Engineer: 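This is the structure I have questions about; it appears just below.
In this chain, residues are counted from 1 in sequence order. Treat the numbers as computed from the prediction; the structure is a model and nothing was measured.
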Amino acid sequence: MIKEIIRPQSQQYMIEIPKEYLNTDVVVSVVPLTENTAQSDDRLSIIKRTAGILAERKIDPVKWQKEIRSEWEG
């Protein structure tokens, strides 16, 4: 999964699709983040600090999830 927080300056934004996602169904969502309360500020801070931390590690998310589950099954 790729998650990125941006502050768009125009109505158009170009995204780069990872090679491993080609020829598969993907979801692209545009959801505003509200910063009106202290709670949402805390959430935004956490999201900004952690979004995409695994993006450069070339991890297959399905394989990674299976490996994690297998640790608990055996």
Engineer: Kindly say whether Ile2 contributes a backbone atom to a donor-acceptor pair with the side chain of Glu4 at under 3.5 angstrom?
Structural biologist: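 Not confirmed, Glu4 side chain does not pair with Ile2 backbone.
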Engineer: Hey, quick one: are Val30 and Tyr21 part of the same hydrophobic cluster, counting side-chain heavy atoms closer than 4.5 Å, chains of contacts allowed?
Structural biologist: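 No, no single cluster joins them.
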Engineer: Val26 and Tyr13: same hydrophobic cluster, using ILVMFWY side-chain contacts below 4.5 Å?
Structural biologist: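 Same hydrophobic cluster.
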Engineer: When rounded to the nearest 0.5 angstrom, what distance separates CD1 in Ile17 from CG in Asn23?
Structural biologist: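 The CG atom of Asn23 is 12.0 Å from CD1 of Ile17, to the nearest 0.5 Å.
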Engineer: Linking I/L/V/M/F/W/Y whenever any side-chain heavy atoms sit under 4.5 Å apart, do Val27 and Ile15 land together?
Structural biologist: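 Val27 and Ile15: separate clusters.
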Engineer: From Lys63 NZ over to Ile68 CD1, what is the distance, rounded to the nearest 0.5 angstrom?
Structural biologist: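 CD1 of Ile68 is found 12.5 Å from NZ of Lys63.
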Engineer: Without swapping roles, check the side chain of Ser29 against the backbone of Val31 for a donor-acceptor pair under 3.5 Å.
Structural biologist: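 Between the backbone of Val31 and the side chain of Ser29 there is no qualifying donor-acceptor contact (under 3.5 Å).
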Engineer: Find the distance between CE (Met14) and CD (Glu16) and round it off to the nearest 0.5 Å.
Structural biologist: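 Met14 CE to Glu16 CD: 10.0 Å, rounded to 0.5 Å.
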